[in-house]
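Working notes for the structure below.
Note on naming: letters A, B, ... go to the chains in the order of the sequence lines (proteins, then strands), and numbering restarts at 1 for each one.
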Number of protein chains: 2
Amino acid sequence: MAHHDLQTVSHECGDCPIRHRAVCARCETDELQRLEQIKYYRSYQAGQTVIWSGDRMDFVASVVTGIATLTQTMEDGRRQMVGLLLPSDFVGRPGRPTAAYDVTATTDLVMCCFRKKPFEDLMSTTPHVAQRLLEMTLDELDAAREWMLLLGRKTAREKIASLLAIIARRDAHLKLKSAKGAIVFDLPLTREEMADYLGLTLETVSRQVSALKRDGVIELEGKRHVIVPDFDRLIEETGDDSDGGYLV
Amino acid sequence: MAHHDLQTVSHECGDCPIRHRAVCARCETDELQRLEQIKYYRSYQAGQTVIWSGDRMDFVASVVTGIATLTQTMEDGRRQMVGLLLPSDFVGRPGRPTAAYDVTATTDLVMCCFRKKPFEDLMSTTPHVAQRLLEMTLDELDAAREWMLLLGRKTAREKIASLLAIIARRDAHLKLKSAKGAIVFDLPLTREEMADYLGLTLETVSRQVSALKRDGVIELEGKRHVIVPDFDRLIEETGDDSDGGYLV
DNA sequence: ATTCGGCCTTGATGCAGATCAAACCCGCAA
DNA sequence: TTGCGGGTTTGATCTGCATCAAGGCCGAAT
């Protein structure tokens with residue numbers, strides 16, 4: 001694994017993220033061919049449900065553009081988001097026939113899909129694909145555990161600050177920082193979705209966002225466009241160790 | 001992967017869980033040899049810290065006997081458990097040099113360790129090890145997401161019932177059900193550890209355990225020995241869909 | 001121009017669980 | 001036998017967030 005230069009591959013790979021995440025062209029060109037053959041695209045509109053929990057799922061996929069969420073729902077309607085899928089994130093699991101969560105497109109969404117059977121065959125013959133997938137899954141597991149700390153121990157204000165920091169970080173390498181280092185981005189979630197993410201009610205989310213604005217931690221243009229004038233200040237509000245994973 | 005019969009292997013494998021979880025002897029006997037050569041054991045006493053978050057970690061391991069926890073701590077001391085390691089569970093991550101969480105032995109603990117470098121080498125040459133590890137990691141991710149629902153949306157009583165059900169299930173295939181189908185087990189956690197698991201205070205844990213006892217959902221002998229006379233009744237208290245993963 | 005329906009904000013009130021405090025249980029060592 | 005300390009229970013009070021309720025904003029349809 002160590003000798004593969006995954007960076008250089010992305011340039012040669014066209015528009016499908018899983019190719020440069022899962023495969024190294026330098027030594028796996030034939031695998032690229034095989035991936036190419038079994039891939040296809042699906043599109044969904046904002047708000048559409050991609051998969052219901054329990055549905056048969058005959059493909060794995062990676063997000064090309066747009067944002068999707070994984071959510072769990074209890075019988076009485078309480079909802080908890082358990083995954084936020086941004087471009088290049090992977091959906092589905094080799095070895096599981098059915099989906100464990102509802103997958104919903106929160107924006108218009110394009111996914112690059114691979115039929116499961118051939119993808120699994122590919123996996124069992126090439127160590128690199130399985131390894132890369134393992135690496136991605138371990139990253140997700142880390143994110144899930146960070147999220148658990150948030151859900152179990154953080155205050156509402158810390159939760160909001162943490163979510164804003166997460167989104168800011170994920171967007172940071174795409175979006176520009178504005179003139180004097182401020183970070184600017186659009187919230188991809190409604191207040192209700194934020195609440196489902198954070199284990200809060202939408203009213204509490206609204207109040208805490210207003211509070212952060214009142215205290216100058218963030219500025220708002222409209223309801224979704226966020227300006228973070230001082231990222232360090234935002235991080236202070238999260239309750240996290242300040243050293244952990246600074247802007248990459 | 002499909003054609004490997006992992007079941008039959010476990011009999012030939014001696015006392016180290018990872019061997020029958022990660023490797024299939026029928027077609028990977030040489031890998032068994034190699035695993036054998038790089039494995040060694042470590043023992044810890046109850047209460048001992050195995051690894052501090054941020055420490056260099058030059059091995060991966062699987063729990064042989066005893067119980068360990070993964071926890072995250074905020075500067076001000078708020079703690080959240082993010083993993084509970086029972087026998088056969090895997091610790092550590094190929095590809096990461098340092099530990100991301102505190103690992104603590106809550107009982108006397110024996111782990112079967114593999115030096116990381118040779119283990120990674122083994123992984124990159126055999127698809128099966130990486131695949132098996134991926135499968136285990138996906139299971140952990142599912143567990144983490146279940147846990148997120150618990151932390152974000154369940155009431156204190158539901159949290160306690162859920163934890164008891166999880167432990168009952170994990171123990172079920174080892175422990176006996178008593179005479180008329182009651183399930184009996186010992187809590188491996190103190191009230192405080194339960195609180196850290198559930199995102200509660202120890203006082204709330206204590207009160208809710210008492211409440212479940214008062215309502216006849218559980219019986220207690222001493223503070224740790226739990227009798228569940230009617231498992232279905234306990235499941236009702238968790239708030240979960242009743243169909244999900246019954247005792248197995 | 002008006003209405004409608006999502007989405008969001010803000011206020012008033014209630015309650016589950018946190019916090020503070022005291023005492024209990026029990027194994028163990030002196 | 002006494003005292004001690006870690007784990008636990010239970011009570012009294014406080015508080016952060018949920019709940020209930022009303023209204024505002026704004027883009028899209030009529």
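- Following rounding to the nearest Å, Asp76(A) (CG) and dA18(D) (C1') show an atom-to-atom distance of 14 Å.
- Arg78(B) has its CZ atom 13 Å from the C1' atom of dA18(C), to the nearest Å.
- Put simply, the side chain of Glu237(A) never gets that close to the backbone of Leu234(A): no donor and acceptor are under 3.5 Å apart.
- Glu221(A) has its CD atom 18 Å from the C1' atom of dC8(C), to the nearest Å.
- A salt bridge is defined here as a Lys NZ or Arg NE, NH1 or NH2 lying under 4.0 Å from an Asp or Glu carboxylate O, and Arg96(B) with Asp139(A) meets this definition.
- The distance between atom NZ of Lys154(A) and atom P of dA18(C), rounded to the nearest whole Å, is 18 Å.
- Picking from dA18(C), dT19(D), dC17(D) the nucleotide with the shortest atom distance to the side chain of Gln208(A) gives dC17(D).
- A salt bridge does not link Asp102(A) to Arg79(A): none of the charged nitrogens lies less than 4.0 Å from a carboxylate oxygen.
- Regarding contacts with the backbone of dC8(C), a side-chain N or O of Arg224(A) is found under 4.0 angstrom from either OP1 or OP2.
- Remark: P of dG7(D) and CE of Met194(B) are 15 Å apart, rounded to the nearest angstrom.
- Looking at heavy-atom distances under 4.0 Å, Gly199(A) makes contact with sugar-phosphate atoms alone, never a base.
- Among the nucleotides dC8(C), dG17(C), dT19(C), the one closest to any side-chain atom of Glu203(B) is dT19(C).
- The environment of CD in Gln45(A) is sparse: at most 12 heavy-atom neighbours from other residues, nucleotides or ligands sit within 6.0 Å.
- In terms of position along DNA chain C, the nucleotide closest to Glu192(A) lies nearer the 5' end than the nucleotide closest to the other residue of the pair Glu192(A) and Arg157(B).
- Ring pair Tyr40(B)/Phe59(B) is perpendicular by interplanar angle, where above 60° counts as perpendicular and below 30° as parallel.
- Using a 4.0 Å cut-off, no side-chain N or O of Ser206(A) falls inside it from OP1 or OP2 of dC8(C).
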List, with names and distances, any nitrogen or oxygen atoms from the protein found under 3.5 Å away from nitrogen or oxygen atoms belonging to nucleotides 12-15 of chain C.
| unit_1 | atom_1 | unit_2 | atom_2 | d |
| --- | --- | --- | --- | --- |
| dA12(C) | N6 | Arg207(A) | NH2 | 3.4 |

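- Within a 6.0 Å sphere centred on CZ of Arg115(B), heavy atoms belonging to other residues, nucleotides or ligands number 12 at most.
- Counting non-hydrogen atoms under 4.0 angstrom, Thr190(A) reaches the backbone sugars and phosphates but no base.
- The side chain of Thr204(A) contributes an N or O atom lying less than 4.0 Å from OP1 or OP2 of dA18(D).
- Whole-Å rounding puts the Glu193(A) CD to dG6(C) P distance at 15 Å.
- A donor-acceptor contact shorter than 3.5 Å is absent between the side chain of Gln72(B) and the backbone of Met81(B).
- Of the candidate nucleotides dG17(C), dT19(C), dC17(D), dG17(C) has the atom lying nearest to any side-chain atom of Leu200(B).
- If you take CZ of Arg191(A) and C1' of dT10(C), they are 13 Å apart, rounded to a whole angstrom.
- As rounded to whole Å, 14 Å separates atom P of dA16(C) from atom NZ of Lys159(B).
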